[in-house]
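Worksheet: one structure, shown below.
Computed from a prediction, not measured in an experiment: that's the story for all the values here. Atoms within each ligand, like the ligands themselves, are counted from 1 in listed order.
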Amino acid sequence: MEFPVIRRERQSVRERPSTNGTNTPNGEIDRRPHTQDKDLPGGANWVVQKFGGTSVGKFAVKIAEDIVLAGLKDQRIAVVCSARSTGTKAEGTTNRLLRAARDVLAGSRKYVDIVEALRVDHVQAGRDCIGSSPKILQHYTESVNAECHELLKDLGGAHQLEEMTSGTMDKVMSRGEKLSCLYMTALLQARGVNAAYVDMSSVITFPTAKGLNDDFYRHLAEAMTDKILSHGPDVVPVITGYFGKVPGGLLDQVGRGYTDLCAALVAVGLQARELQIWKEVDRIFTADPRKVPTARLLDSVTPSEAAELTFYGSEVIHPFTMDQVIRASIPIRIKNVMNPRHNGTTIFPDPADEAAAKKRSGLFRNRSVSNLALHAPPKRPTAVTIKPSITVLNVHSKRRTRAHGFLMSIFSILDKHGLSVDLISSSEVHVSMAIHSESALLSGQGEEEMKIEDAALQGAVDDLSRWGDVDLVPNMAIISLVGRQLRSMVGISGRFFSTLGEHGVNIEMISQGASEINISCVIEEREANRALNVVHTNLFTFLE
Ligand SMILES: Nc1ncnc2c1ncn2[C@@H]1O[C@H](COP(=O)(O)OP(=O)(O)O)[C@@H](O)[C@H]1O
Ligand SMILES: N[C@@H](CC(=O)OP(=O)(O)O)C(=O)O
């Protein structure tokens with residue numbers, strides 16, 4: 001991939017040494033000495049490495065030895081960690097903490113067992129990997145015990161008050177990243193690295209009245225940088241990906257995967273050479289490699305493709321991350337902890353997209369000229385993805401023509417109950433909306449026995465019933481075709497839908513055209529994996 005020259009006063013991305021100082025973006029080994037730029041924070045050439053929860057949970061020693069320690073030869077490294085997951089993310093520390101908080105709300109004391117299990121798990125992980133350094137291990141174990149003690153106190157307090165504010169929820173969640181970073185710090189120290197634990201949970205001390213706007217992010221990046229640099233010139237900071245008292249709550253305002261955003265802000269603040277997001281998979285694929293054995297690796301994707309993929313079920317990177325880093329011209333690289341020497345997938349804007357954006361001067365767009373002419377001949381979609389756990393909510397208006405304000409009322413009702421819509425499709429008197437939820441919204445099997453379990457959904461259904469007949473279709477999934485070239489692939493929608501139809505996959509609703517780079521539809525969840533493979537086989541391979 002050709003990278004544009006990104007900053008006059010600094011090296012172009014192409015010229016910069018890459019991951020661990022071993023490979024350049026072109027693949028050749030780069031052993032040039034690295035210049036120290038005195039104007040950069042810390043006077044050094046920083047790379048920010050963010051490690052996902054499953055990576056820290058399963059490959060901590062590899063991260064410490066083969067990635068951080070090995071990489072320190074050529075560059076300064078700032079490590080950002082998410083909470084550990086030793087199996088899947090669904091069973092990981094963050095999910096267990098959120099379950100503990102929900103148990104408190106339900107009046108149960110199961111949270112005590114959850115905290116104890118987390119404590120034992122982290123202490124044992126330390127014994128397994130830090131055992132040869134008794135002093136470091138002892139300090140680590142004491143810190144884990146202290147964190148878990150505080151966690152129990154917070155949960156116990158909420159249990160007594162029978163209240164769980166978004167602030168307490170965030171605080172509970174923050175323990176996951178704290179435990180993970182204490183572990184990673186100890187692991188690095190035991191291998192001779194001058195690592196320092198950097199807790200970002202109280203980094204927000206500046207006024208935040210205006211919410212999560214550019215000013216807020218700028219202040220936050222500066223505050224994070226100050227905190228990191230206060231640990232001294234030669235340390236390897238190990239930074240909690242949790243970053244504190246965001247107005248409105250981190251979970252509500254930023255959502256899961258917030259550690260990517262933390263890493264992005266650290267990269268912006270330190271003016272890093274590169275932001276690396278390390279995962280358990282070999283880069284980004286054309287489809288989830290766990291579900292589609294023939295999925296192929298992608299060398300690069302654009303920020304919008306990465307955002308669409310993440311939103312629609314393929315966890316690539318938190319969508320808020322890109323804006324910050326791309327604006328600062330810092331390249332993002334998705335890398336695999338099991339294959340550190342590989343270049344990974346880069347996330348960088350497509351120069352053709354940028355040129356097209358520049359050409360569009362105003363409100364109007366003539367698609368056939370601006371897009372078709374500017375783009376290379378049609379090629380292939382970039383990836384296909386599935387978002388499970390979808391319920392479709394249908395509202396059929398009682399009136400024969402759409403009353404003024406029909407859609408507005410529907411959206412205000414959803415807003416009142418805190419429900420957000422992933423896909424929408426509407427006709428004159430009918431609206432279908434796809435709603436995603438990690439926890440079950442409905443229970444029961446047959447149409448007769450089913451009932452709503454979620455208070456927000458129940459409230460919304462009651463209010464919406466005033467506008468018309470409401471029905472719910474559970475156990476659905478969204479399948480999305482994503483790609484920057486979709487807009488110039490004449491007939492691609494037809495092929496997508498007919499491929500599904502020819503293989504007997506029933507389509508419940510369709511959304512096309514809202515985003516130029518995404519075509520989505522809702523199908524039954526039990527068909528999701530088959531549909532994914534069918535679409536991948538028919539729309540990706542025959543286009544070779
Ligand atoms: N198109 C895709 N490319 C790569 N991974 C994908 C894709 N779609 C879904 N995935 C899944 O996303 C997950 C991301 O990697 P993982 O290391 O588990 O995340 P984290 O870093 O958050 O712990 C993997 O489980 C992988 O199977
Ligand atoms: N631990 C948090 C934040 C995060 O970023 O996770 P991960 O990097 O493992 O996707 C979560 O589970 O959402």
Side-chain angles (χ1 to χ4, degrees), residues 49-60 62-63 79-99 118 169-170 172-181 200-201 239-243 250-252 254-264 276-301 305-306 308-321 334-339 344-345 347 381-388 438 479-483 528-529 532 535-536 540:
Q49 299 186 328
K50 182 250 154 171
F51 296 97
T54 45
S55 305
V56 182
K58 295 185 196 169
F59 307 106
K62 206 164 171 44
I63 290 173
V79 173
V80 178
C81 294
S82 178
R84 291 171 67 245
S85 307
T86 44
T88 61
K89 186 165 171 172
E91 282 308 308
T93 303
T94 307
N95 273 11
R96 285 152 88 186
L97 289 168
L98 294 177
R99 209 176 308 136
L118 283 176
M169 190 82 153
D170 274 12
V172 167
M173 195 170 65
S174 74
R175 305 285 172 189
E177 274 75 31
K178 291 186 186 194
L179 290 169
S180 171
C181 286
M200 289 293 179
S201 65
I239 302 155
T240 62
Y242 175 90
F243 53 93
L250 190 62
L251 199 54
D252 287 345
V254 177
R256 300 292 300 271
Y258 48 82
T259 54
D260 289 344
L261 179 56
C262 176
Q276 298 173 353
I277 308 283
W278 289 81
K279 292 189 163 284
E280 201 202 337
V281 283
D282 221 341
R283 315 187 261 163
I284 303 175
F285 286 80
T286 47
D288 188 338
R290 287 173 309 177
K291 297 173 186 157
V292 180
T294 53
R296 286 193 318 271
L297 290 164
L298 293 163
D299 287 334
S300 68
V301 297
E305 286 173 328
E308 292 283 322
L309 282 172
T310 303
F311 188 78
Y312 287 106
S314 292
E315 270 195 41
V316 174
I317 191 167
H318 192 290
F320 292 3
T321 307
I334 309 287
K335 291 188 52 96
N336 180 1
V337 282
M338 289 175 285
N339 190 4
T345 300
I347 303 181
T382 302
V384 55
T385 176
I386 287 281
K387 186 167 188 171
E438 293 290 349
I479 179 163
S480 306
L481 203 56
V482 173
N529 279 2
L532 195 63
V535 169
H536 193 267
F540 287 68

[Y] side chain reached by [X] side chain, heavy atoms, under 4.5 Å:
{"X": "Lys50", "Y": "Asp260", "answer": "yes"}
{"X": "Val337", "Y": "Lys62", "answer": "no"}
{"X": "Ile334", "Y": "Val316", "answer": "yes"}
{"X": "His318", "Y": "Arg256", "answer": "no"}
{"X": "Arg296", "Y": "Phe285", "answer": "no"}
{"X": "Trp278", "Y": "Asn336", "answer": "no"}
{"X": "Leu298", "Y": "Thr382", "answer": "yes"}
{"X": "Ile284", "Y": "Leu297", "answer": "no"}

Legend entry - Under 3.5 Å donor-acceptor, Glu177 side chain and Gly241 backbone: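 Not confirmed, Glu177 side chain does not pair with Gly241 backbone.
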Inset, instruction - May I ask you to decide if Ile317's main-chain N or O and Thr321's side chain share a donor-acceptor pair within less than 3.5 Å? - result: no
Inset, instruction - Classify the side-chain pair His536/Thr286 by whether it contains a donor and acceptor separated by less than 3.5 Å. - result: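 His536 vs Thr286: donor-acceptor pair found between side chains.
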Legend entry - Distance-only side-chain donor-acceptor flag, Arg290 / Asn529, under 3.5 Å: no
Identify the protein heavy atom lying closest to [atom], giving its residue, its atom name and the separation to 0.1 Å.
{"atom": "atom 23 (O) of ligand 1", "answer": "Thr54 OG1, 2.6 Å"}
{"atom": "atom 14 (C) of ligand 1", "answer": "Glu315 O, 3.7 Å"}
{"atom": "atom 6 (C) of ligand 1", "answer": "Pro289 CD, 3.9 Å"}
{"atom": "atom 1 (N) of ligand 1", "answer": "Phe285 O, 3.0 Å"}
{"atom": "atom 19 (O) of ligand 1", "answer": "Lys279 NZ, 3.3 Å"}
{"atom": "atom 8 (N) of ligand 1", "answer": "Ser314 OG, 2.8 Å"}

Inset, instruction - Determine, using heavy atoms of Lys291 and all atoms of ligand 1, whether some pair is separated by less than 4.0 Å. - result: no
Legend entry - Residue-ligand contact Ile284/ligand 1, heavy atom below 4.0 Å: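 The answer is yes: ligand 1 sits under 4.0 Å from a heavy atom of Ile284.
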Sub-3.5 Å N/O-N/O distance, [X] and ligand 1:
{"X": "Asp288", "answer": "yes"}
{"X": "Lys50", "answer": "no"}
{"X": "Lys89", "answer": "no"}

Legend entry - Carboxylate-amine/guanidinium proximity below 4.0 Å for Lys58 and Glu280: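 Result for this pair is yes, salt bridge flagged.
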Legend entry - Among Val281, Ile317, Asp260, closest by any non-hydrogen atom to atom 15 (O) of ligand 1: Val281
Inset, instruction - Determine, for Phe311 and Lys387, whether the Lys NZ or Arg CZ falls below 6.0 Å from the six-membered ring centre while staying within 45 degrees of the axis. - result: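 Yes, cation above the ring, under 6.0 Å and within 45°.
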Please identify which atoms of ligand 1 are closer than 4.0 Å to at least one heavy atom of [X].
{"X": "Gly53", "value": "23 (O)"}
{"X": "Arg283", "value": "4 (C)"}
{"X": "Glu280", "value": "17 (O), 18 (O)"}

Inset, instruction - Examine the proximity of ligand 1 to Ala287 and report which part, side chain or backbone, both or neither, has a heavy atom under 4.0 Å away. - result: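 Contact part for Ala287 vs ligand 1: backbone (N, CA, C, O).
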Inset, instruction - Write down, by chain and number, every protein residue that brings a non-hydrogen atom to less than 4.0 Å from an atom of ligand 2. - result: Lys50, Gly52, Gly53, Ser82, Ala83, Lys89, Thr94, Glu177, Arg256, Gly257, Tyr258, Thr259, Glu315
